[in-house]
Structure formats: C-alpha cells, structure tokens
Chemist: 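The structure that follows is given in the form of structure tokens.
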Amino acid sequence: MRVDRLTGFMGAEISGVDLRQPISDDLAQELRAALGAHQMIVLRDQHLDIADQKRLTRVFGPIMRLPYVEPMADDPEVIAVLKEASEVNVGVFGGDWHSDFSFLPNPPAGSVLNAVEVPQVGGDTVWSSQVVAYDSLPAHLREIVEGRMAIHLGAPYGVKHAPPMEERSSGSIRMTRGDPEADKETFHPAVITDPATGRKALFVNPIYTTRLDGMSVEESAPILAALFKHATKPDFSCRLRWNAGDVAVWDNRMSLHYATNDYDGVRRLLYRTTFSASAPQ
Ligand code: SIN
C-alpha cells in the first residue's frame with residue numbers, strides 16, 4: 001500500500017490496494033492509520049459494488065443508519081447521493097460546510113463515498129482539516145473554546161426552524177422534516193480529541209452549531225462566525241475531483257466537508273455509507 005499526500009495539511013491518495021478483494025487485518029490497520037493521519041483518504045479506480053463498500057466501511061467502525069435521509073429502497077444502510085441532470089438551480093445534499101449530523105448525541109464517526117456516475121468537470125467534494133484548524137487557532141479564540149461545550153441543533157429537520165418544504169433542493173434525496181427531537185439542543189465539546197491519534201480538533205460547523213455554552217445565540221454569533229471562517233480556510237482544505245470508480249473515506253469529526261454544486265445538467269450519483277464510534281470527547 002502506498003500513501004501519497006494530496007495537500008500540505010490533509011488528504012491522501014492510497015494506491016496498490018484492490019478493495020474488491022478481502023481486506024486483511026494488516027491492511028485494515030494500515031487504512032485506519034492512514035485515515036487517522038490524513039482525515040480523508042481516496043482510492044482510485046476501485047469500482048466497488050455495495051457489498052465491497054460495506055466491507056470497507058466496517059474496517060473503520062460499525063455501519064450506522066442515518067436518520068432524516070431516505071436510504072436506498074433495498075438497503076437501509078446505503079444512501080444514494082444523487083442529483084439528476086434535470087434538476088437545475090437547486091441545492092445539493094451537503095452543499096455547505098458541515099460535519100454530518102453533529103446535532104446527534106453520537107454523530108457519525110465517518111463516511112465512505114463511492115463514485116458511480118460523476119460529471120466530467122464539477123461536483124468535487126472539499127474537506128477541511130479541523131485538526132489543523134485547532135492547531136492554528138488564534139489565541140483569543142482558543143481561550144474561548146478550550147474546555148467549553150458547543151450547542152448543536154438539527155434545525156433543518158425539526159419543527160421550529162426547518163426551511164419551508166417548497167424551498168428548492170434536490171428532490172433525488174428525500175429528507176424528513178418536522179421531528180421535534182431535532183429541535184433539542186445537543187452539547188458537544190467545542191474541541192475534541194481523536195482517541196486513536198490523541199490529536200485535537202475544532203468541532204463546530206456552520207449548519208448545526210448555534211451557540212457556545214454560557215452564551216446566547218446573539219453573543220455567540222460573532223465568535224462562531226470567526227471560528228467558521230478560520231475552520232474553512234482554503235489553506236486547511238483538500239478538494240477531490242472524482243472519477244467513476246473512486247472511493248473516499250473521511251473522518252466526520254476531525255474534518256468538515258462541502259459538496260460543490262457546479263454541474264447543472266449532468267447526473268451525479270455516489271453511494272454513501274456511514275460508520276459509528278463512541279460519542280466525541
Ligand atoms: C455529503 O456527504 O455531504 C455529500 C458529499 C458530496 O456529495 O460530495
């Protein structure tokens with residue numbers, strides 16, 4: 001297995017591995033270590049079927065079923081991330097910087113995205129290392145977040161804050177709305193530690209983090225704005241240009257991600273699986 005870094009701070013391309021073959025314990029260990037070191041790994045030209053993808057997913061943790069997103073009809077553990085060519089001028093799934101479902105008491109540990117049909121140009125996914133974001137936090141922001149909880153809300157899926165149903169977003173992924181559970185505030189540390197590597201990461205994101213503990217939404221707003229700006233600096237990011245057959249794995253707690261929406265008129269389909277771990281600490 002060969003590991004080539006994709007940027008100075010995060011992301012690595014793994015080669016010399018055929019994920020359609022059984023994954024030995026040694027290989028699984030190497031893949032986990034690569035993910036821990038780089039927060040996102042991509043393996044090109046794998047062309048995995050769903051069974052291969054699930055075997056890869058289990059290398060990183062038990063498969064988790066995502067709430068609020070309708071899975072594939074024949075497999076509740078898989079989501080088809082799809083935008084049809086006919087869907088123009090609409091939002092896409094994941095089209096803002098986020099950590100998936102950070103408002104859950106135990107948010108996903110990471111995900112696997114398996115590219116089936118992708119535009120020749122556009123539809124890249126971008127990640128940002130929150131390990132580097134934490135390491136480079138200016139002192140005044142570090143002082144505020146260190147040892148403090150941040151509050152996350154599943155606003156898009158709740159009753160109080162959910163956007164109107166008619167708001168235009170891709171109809172190819174069906175999201176559930178109107179769950180009062182999603183209106184409840186969830187507390188997570190604003191700085192978390194990866195139990196495997198011991199590295200710390202900033203754990204706030206613009207979609208779900210609404211305030212900092214001990215502060216109102218209004219008091220938190222300028223601080224969160226500064227944190228989000230820092231967390232999504234292009235310097236800390238890695239942009240993946242997909243080819244059909246590629247598969248990427250990312251750490252959902254040590255990084256943020258963003259699905260670009262620049263490919264109207266072209267179909268894009270990726271299969272997505274998610275793995276869990278114990279709650280972020
Ligand atoms: C996501 O998982 O947030 C979507 C990523 C993508 O479609 O590029």
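First listed ligand is number 1; within each ligand, the first listed atom is number 1.
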Chemist: Give a yes/no verdict on whether any heavy atom in L270 is under 4.0 Å from an atom of ligand 1.
Modeler: no
Chemist: For K200, is there an ion pair with D194 - N to carboxylate O distance below 4.0 angstrom?
Modeler: no
Chemist: One residue to check: L113. Relative to ligand 1, which of side chain, backbone, both or neither has a non-hydrogen atom less than 4.0 Å away?
Modeler: side chain
Chemist: When you look at CZ of R44, are more than 12 heavy atoms from neighbouring residues, nucleotides or ligands closer to it than 6.0 Å?
Modeler: yes
Chemist: For ligand 1 and D124, I'd like to know whether there is a polar contact (N/O to N/O, distance under 3.5 Å).
Modeler: no
Chemist: What atoms of ligand 1 come within less than 4.0 Å of a heavy atom belonging to H98?
Modeler: 3 (O)
Chemist: Does any N or O of ligand 1 fall below 3.5 Å from an N or O anywhere on R272, backbone included?
Modeler: yes
Chemist: Of the non-hydrogen atoms in L153 and D183, which two are nearest, and what is the gap between them?
Modeler: CD1-O, 3.1 Å
Chemist: Mark yes or no for whether R241, through its side chain, and Q120, through its backbone, hold a donor-acceptor pair below 3.5 Å.
Modeler: yes
Chemist: Identify, by atom number and element, the atoms of ligand 1 in contact range of V81, meaning under 4.0 Å from any of its heavy atoms.
Modeler: 7 (O)
Chemist: If you count the atoms of ligand 1 from 1 in the order shown, which ones are under 4.0 Å from a heavy atom of R268?
Modeler: 6 (C), 7 (O), 8 (O)
Chemist: Under 4.0 Å from a heavy atom of T125: give me the atoms of ligand 1 that qualify, with their elements.
Modeler: 6 (C), 8 (O)
Chemist: Test your reading of the model: is there a side-chain donor-acceptor pair from D246 to the backbone of D45, 3.5 Å cut-off?
Modeler: yes
Chemist: Could you list the atoms of ligand 1 found under 4.0 angstrom from a heavy atom of G94?
Modeler: 3 (O)
Chemist: Among Y258, W97, W250, whose ring-ring contact (aromatic ring centres under 6.0 Å, His included) with W127 holds?
Modeler: W250
Chemist: Ring centres under 6.0 Å, that's the criterion: do F187 and F103 meet it?
Modeler: no
